[in-house]
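Down below is the structure, laid out as structure tokens.
Both backbone and side-chain heavy atoms feed into the values below; hydrogens, waters and symmetry mates do not.
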Amino acid sequence: MARIVTIFGASAARPGTKGYDDALRLGRLLAEAGFVICNGGYGGTMEASARGARKAGGRAIGITNAVFDPRHANRYIDDERKAPDFFERLRALLTLGEAYICLPGSVGTLTEFSLAWTLLQTGAVSPRPFLCVGPCWPAVLDAYRQHLAIRPKDFALITLVDTVEEAVSALKARQR
């Protein structure tokens, strides 16, 4: 039963954009469903999902990075945990999350997506929900499928959904 959900997504998303608004809604829906969210703690979808969780009375854990000092977590983070470097930050994001949700993002999101997938594929972390939200992910997976030697059972570790509402519904269904 997943209680902490790690969210990956774009740091460049701004209020009023689809990416920000989706993350805001995702944070709210997860909090309303009783989940604690975990993310990288800074701006964009990280801020939006924490803000959404806060509005719904939920909690948000932010894993920030000492390399970025003196930057601090966004104001919606309830529990900032500062990792000493990128590697420990990734470790914390991936080990705290009992489920992963990937929103559209950039190179950092792709790194987090690939590492989460690898950890699940190799059994380095216990099985857990791994959801990718939005229209970009089928194309990303098609590129992997077309150009890399990835087995069908490894693709089966990922659940593609169109909306944040579908992602939360999928997580709630796994709790039953």
Where the side chain of [X] meets the backbone of [Y], is there a donor-acceptor pair that is under 3.5 Å apart?
| X | Y | answer |
| --- | --- | --- |
| Ser49 | Met46 | yes |
| Tyr42 | Asn65 | yes |
| Trp117 | Asp154 | yes |
| Asn39 | Gly62 | no |
| Thr6 | Leu93 | yes |

In Å, rounded to the nearest 0.5 Å, how long is the span from [atom1] of [X] to [atom2] of [Y]?
| X | Y | atom1 | atom2 | answer |
| --- | --- | --- | --- | --- |
| Arg75 | Arg51 | CZ | CZ | 6.5 Å |
| Leu157 | Leu119 | CG | CG | 11.5 Å |
| His72 | Lys82 | NE2 | NZ | 6.0 Å |
| Leu141 | Ile158 | CG | CD1 | 4.5 Å |
| Glu166 | Leu131 | CD | CG | 10.0 Å |

Would you call [X] and [Y] a side-chain contact if the rule is heavy atoms closer than 4.5 Å?
| X | Y | result |
| --- | --- | --- |
| Ile101 | Leu30 | yes |
| Ile150 | Gln121 | no |
| Arg3 | Val36 | no |

Between [X] and [Y], is there shared hydrophobic-cluster membership here, with clusters defined by ILVMFWY side-chain heavy atoms closer than 4.5 Å?
| X | Y | result |
| --- | --- | --- |
| Phe68 | Phe8 | no |
| Tyr100 | Val107 | no |
| Val168 | Val133 | yes |
| Leu115 | Val67 | no |
| Ile7 | Leu171 | yes |

Locate the shortest heavy-atom distance separating [X] from [Y]; write the atom from each residue and the value.
| X | Y | result |
| --- | --- | --- |
| Tyr20 | Glu47 | OH-OE2, 2.6 Å |
| Cys38 | Ile4 | CB-CG2, 3.8 Å |
| Leu103 | Trp137 | O-CZ2, 3.4 Å |
| Leu94 | Ala116 | CD2-CB, 3.6 Å |
| Ala56 | Glu32 | CB-CG, 3.8 Å |
| Ala50 | Asn74 | CB-OD1, 4.1 Å |

- Message: Salt bridge check, Asp21 against Lys18: does any charged N sit closer than 4.0 Å to a carboxylate O?
- Response: no
- Check side chain to side chain contact (heavy atoms under 4.5 Å, CB included) between Ala83 and all other residues, then give those that pass, not counting sequence neighbours. Ile63, Glu88, Arg89
- Item | More than 12 heavy atoms of other groups within 6.0 Å of Arg128 CZ | yes
- Mind running side-chain contact (heavy atoms from CB on, under 4.5 Å) on Thr64 and Arg71 for me, showing each step along the way? CA-CA 9 Å; Thr64 58; Arg71 286 177 56 192; over 6 Å; no
- Message: Are Phe130 and Phe113, when compared by the centres of their aromatic rings, separated by less than 6.0 Å?
- Response: yes
- Test Arg145 against Asp142 for salt bridge (charged side-chain N to carboxylate O under 4.0 Å, His left out), laying out the working first. CA-CA 5 Å; Arg145 194 175 283 110; Asp142 285 345; 2.8 Å; yes
